[in-house]
Amino acid sequence: MDYKQLAKANEDVCIKMRRDLHRIPELELDLPKTSKYIKDKLTEFEIDYKEYVNGNGISALIEGKNPGKCLAIRADMDALPITEETGLDFASEIDGQMHACGHDSHMAVALTALKIINENKDKLNGSVKFIFQPGEEIPGGAKPMIDEGVLENPKVDYIIGMHGGLLADVPHGKIAFKDNEMMASMDKFSIRINGHGGHGASPQATVDPIIVSAEVLLGLQKIISREINPVDSRVVSVCKINGGFTQNIIPDTVDMMGTARALSEDVRDTIEKRVEEISSGIANTYGGSAEVNYERFYPVLNNDPKFNSFVKNVVEEMFEDDIYEMDKPVMGAEDMAFFLQEVPGSFMFLSNLFQREDGKVYVNHNSKFDLDESLFYKGVAIFVATAFEFSKGGLDG
């Protein structure tokens, strides 16, 4: 089979589906229009499906002519609370919501690959399970789908996924791979500093939570600079501080919020412990108190070296000049990590950010984010080729 040719032959189908989905961005775990679109396409392709997460997650199974192992292909579905400013003629039709992270293309690429594999299932051994997952952004939809059994019946042996348009420093058109740790864990913390407010002209009569929050902010950065081995990648970022309401009144409270990232569970544990200790310790020292809420969301994303190498070899057969080896992980996070905790697999990046005529490139989570649709076929070809080559037993041969 000529996987590239099959992908190119279905390029228009892929682009149309991406544009359809781009118009109807929805958030988190509530995706009624998006999930209906996916289900309607599966019905059109005459493929049965199962529903998860109150009908917002979907799986579809293609079974080959002979028994064999099961490969899963995962695509995320949700958008972001961003007002679109791309000027595209297929821009978002939902106010304040936008596909600004490429998930519209992930669905379209997976659906196109599904169509091709289904049309050629007489050449397939084993099965291919497509997983359309809501809520890749917080609160995360992978774990609920796993809990509801998406990796069972049949049991998934390996899984593959792809993210488009994520890394501006990867050369355009390249496919980026990395063994083992590829993306960081992601946690969220919120801290309320409780003080005792009063008049700004008499600070001695107050416990100023603004001053305390400043000390806490600096103290948290010392976790990174002084408490963790410098060779261990980690991030603690306070991204929101809110306190006070006018120029001459010291408030009673200040609220802080931030994110923590790490590439190992040990470092993650240290950060969680020290955020609590430092916040409470500094607040108590100044006569106040701290309420800390630390929430763990996504684990470290780990690619299985054996399967990653298999997929990379498959890709190299088609796009030998487009393999990009990442020398270090990124500190972004992805709840694909939950799937990779359960079964070995491979997650990769397709560098397909849209290159504007003025030379500007807008990365994900930007209101002007867009993708180069001419590269979607690469994602389709990779999924299709991996499915059929995997079904030949080449991984274990």
Side-chain angles (χ1 to χ4, degrees), residues 1-23 37-49 58 60-65 71-75 77 88-90 99 102-132 160-165 172-175 311-323 346 348-355 370-392 394:
M1 295 172 64
D2 188 332
Y3 305 120
K4 285 174 64 175
Q5 191 277 329
L6 284 168
K8 288 293 288 183
N10 286 272
E11 187 172 37
D12 290 345
V13 173
C14 185
I15 291 171
K16 183 183 185 305
M17 289 193 291
R18 181 261 173 151
R19 293 183 178 189
D20 290 344
L21 289 160
H22 191 86
R23 291 186 173 96
Y37 186 94
I38 299 293
K39 294 169 195 174
D40 287 348
K41 284 296 175 185
L42 293 173
T43 300
E44 177 187 331
F45 299 152
E46 300 182 346
I47 298 175
D48 293 334
Y49 58 84
I58 305 156
L61 184 69
I62 299 174
E63 296 183 282
K65 63 177 181 178
L71 172 72
I73 296 175
R74 176 266 198 173
M77 305 163 67
L88 296 169
D89 58 10
F90 54 91
H99 270 296
H103 300 182
D104 51 344
S105 71
H106 300 169
M107 290 183 281
V109 165
L111 281 170
T112 308
L114 178 150
K115 174 180 179 291
I116 294 169
I117 293 169
N118 189 54
E119 291 170 347
N120 294 275
K121 63 183 178 182
D122 60 314
K123 304 177 183 68
L124 184 72
N125 299 311
S127 58
V128 182
K129 183 181 289 188
F130 285 81
I131 298 173
F132 296 92
I160 185 173
M162 177 185 295
H163 203 303
H172 192 65
K174 301 290 186 181
I175 302 108
V311 175
K312 187 165 57 178
N313 289 337
V314 169
V315 174
E316 201 164 20
E317 287 293 317
M318 299 183 292
F319 307 108
E320 61 179 336
D321 296 326
D322 292 332
I323 299 293
S346 175
M348 71 202 78
F349 299 131
L350 172 61
S351 183
N352 63 341
L353 288 169
F354 184 73
Q355 314 284 301
D370 194 14
L371 294 170
D372 182 349
E373 295 178 327
S374 72
L375 295 175
F376 289 175
Y377 84 96
K378 288 188 176 183
V380 174
I382 290 168
F383 283 164
V384 173
T386 300
F388 283 105
E389 293 303 311
F390 174 78
S391 83
K392 295 176 184 178

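Because the structure is predicted, anything quoted here is derived from the model rather than measured. Nothing fancy with the numbering, it's 1 onward along the sequence.
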Just by modelled atom types, is the [Y] backbone N or O under 3.5 Å from a matching donor or acceptor in the [X] side chain?
X: S105; Y: G102; result: yes
X: N352; Y: L375; result: no
X: H106; Y: M77; result: no
X: D2; Y: Q5; result: yes
X: E389; Y: A387; result: no

Identify the heavy atoms of [X] and [Y] that sit nearest to each other, and give their distance.
X: L371; Y: G165; value: CD2-CA, 3.7 Å
X: V380; Y: C14; value: CG2-SG, 4.1 Å
X: A385; Y: V314; value: CB-CG1, 3.5 Å
X: I62; Y: K121; value: CG2-CB, 3.9 Å
X: L124; Y: V128; value: CD2-CG2, 4.0 Å
X: M17; Y: T112; value: CE-OG1, 3.2 Å

message: Check this for me, if you would: do R18 and E373 make a salt bridge, where the nitrogen-to-carboxylate-oxygen distance has to be below 4.0 angstrom?
response: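 Looking at R18 and E373, the cut-off is met.
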- request: Report yes or no: is the cationic atom of K378 (NZ for Lys, CZ for Arg) closer than 6.0 Å to the six-membered ring centre of F319, at no more than 45° off its axis?
  value: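 Yes, a cation-pi geometry.
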- request: Kindly indicate whether the side chain of D104, heavy atoms from C-beta on, has any atom under 4.5 Å from the side chain of R19.
  value: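 No, side chains not in contact.
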Count the heavy atoms of every other residue, nucleotide or ligand shown that sit under 6.0 Å from [atom1] of [X], and state whether that count exceeds 12.
X: D48; atom1: CG; answer: no
X: K16; atom1: NZ; answer: no
X: E317; atom1: CD; answer: no

task: Show the numbers, then the answer: is there a side chain to side chain contact (heavy atoms under 4.5 Å, CB included) between N120 and F388?
output: CA-CA 9 Å; N120 294 275; F388 283 105; 3.7 Å; yes
Using the test side-chain hydrogen bond (donor to acceptor under 3.5 Å, both in side chains), find all partners of [X] that sit at least two apart in sequence or belong to another chain.
X: N118; result: none
X: K41; result: E44
X: S374; result: D372

- prompt: Could you go step by step and tell me if T43 and Y49 meet the side chain to side chain contact (heavy atoms under 4.5 Å, CB included) rule?
  reply: CA-CA 9 Å; T43 300; Y49 58 84; 3.9 Å; yes
message: Walk me through whether F130 and I117 qualify under side chain to side chain contact (heavy atoms under 4.5 Å, CB included).
response: CA-CA 11 Å; F130 285 81; I117 293 169; 3.8 Å; yes
query: Taking the inter-plane angle between the rings of H103 and H163 on a 0 to 90° scale, is it parallel (under 30°), tilted (30 to 60°) or perpendicular (over 60°)?
result: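 Rings of H103 and H163: perpendicular, over 60°.
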task: Decide yes or no on side chain to side chain contact (heavy atoms under 4.5 Å, CB included) for F349 and M162, but give the supporting numbers first.
output: CA-CA 6 Å; F349 299 131; M162 177 185 295; over 6 Å; no
- request: Please report the C-alpha distance between K115 and E119 in whole Å, then the side-chain angles of each, then the deciding distance to 0.1 Å, and finally whether the salt bridge (Lys or Arg N to Asp or Glu O under 4.0 Å) criterion is met.
  value: CA-CA 6 Å; K115 174 180 179 291; E119 291 170 347; 3.0 Å; yes
field: Candidates I73, I116, L114, N10 - the one meeting side chain to side chain contact (heavy atoms under 4.5 Å, CB included) with V384
entry: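 Testing V384 for a side chain to side chain contact (heavy atoms under 4.5 Å, CB included) against I73, I116, L114, N10 leaves exactly one candidate, I116.
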